[in-house]
Amino acid sequence: MLENTSQNFQLNPYVPVTARTPPTFILQAENDPVDPIQNSLVYYAALKNAGVPVEMHLYAEGGHAFGLRRSKFPITGWPQLVEAWLGTIGMISE
């Protein structure tokens with residue numbers, strides 16, 4: 001998300017965020033060796049500024065591409081968080 005930017009905490013201009021951007025759930029492990037946590041923080045801020053419904057969860061452990069497989073880390077419970085969030089925004093019944 002920070003690529004193609006001239007400042008440290010700036011959204012990539014090729015990642016448009018408007019009020020029409022769909023509601024977004026952001027999940028990331030802080031020890032992700034591929035995507036820096038700053039990407040998620042910048043995207044979250046852009047979504048909030050545009051008035052887009054957004055929820056973000058950051059976890060200390062989990063690495064990259066943790067997916068749905070169970071692990072010993074708390075991040076493994078993320079599917080239940082998404083389900084609860086989708087209920088709160090009216091996308092699924094609670």
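On a predicted model such as this, the values are computed, not experimentally measured, just so you know.
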If you count every heavy atom of other residues, nucleotides or ligands that lies below 6.0 Å from Glu83 atom CD, does the total exceed 12? no
Where the side chain of [X] meets the backbone of [Y], is there a donor-acceptor pair that is under 3.5 Å apart?
X: Asn39; Y: Asp35; result: no
X: Ser71; Y: Arg69; result: no
X: Asn31; Y: Gly62; result: yes

Write down the atom of Thr21, the atom of Pro16, and the distance for their closest heavy-atom approach. OG1-O, 4.0 Å
What closest approach, in Å, do Ile89 and Pro23 show between heavy atoms, and which atom pair accounts for it? CD1-CB, 3.8 Å
Show your working on side chain to side chain contact (heavy atoms under 4.5 Å, CB included) between Met56 and Leu47 and close with a plain yes or no. CA-CA 11 Å; Met56 181 168 67; Leu47 291 165; over 6 Å; no
To the nearest 0.5 Å, what is the distance between [atom1] ([X]) and [atom2] ([Y])?
X: Glu30; Y: Ile75; atom1: CD; atom2: CD1; result: 9.5 Å
X: Glu55; Y: Leu27; atom1: CD; atom2: CG; result: 10.5 Å
X: Leu58; Y: Ile26; atom1: CG; atom2: CD1; result: 8.5 Å
X: Gln10; Y: Gln38; atom1: CD; atom2: CD; result: 14.5 Å

Mind checking whether [X] and [Y] sit in one hydrophobic cluster, side chains of I, L, V, M, F, W, Y counted as touching below 4.5 Å?
X: Ile37; Y: Val34; value: no
X: Phe9; Y: Tyr43; value: yes
X: Tyr14; Y: Val17; value: no

Which of Trp85, Phe25, Tyr44 passes ring-ring contact (aromatic ring centres under 6.0 Å, His included) with His57? It is Phe25
Listed by chain and number, what are the ring-ring contact (aromatic ring centres under 6.0 Å, His included) partners of Phe73, not counting sequence neighbours? none
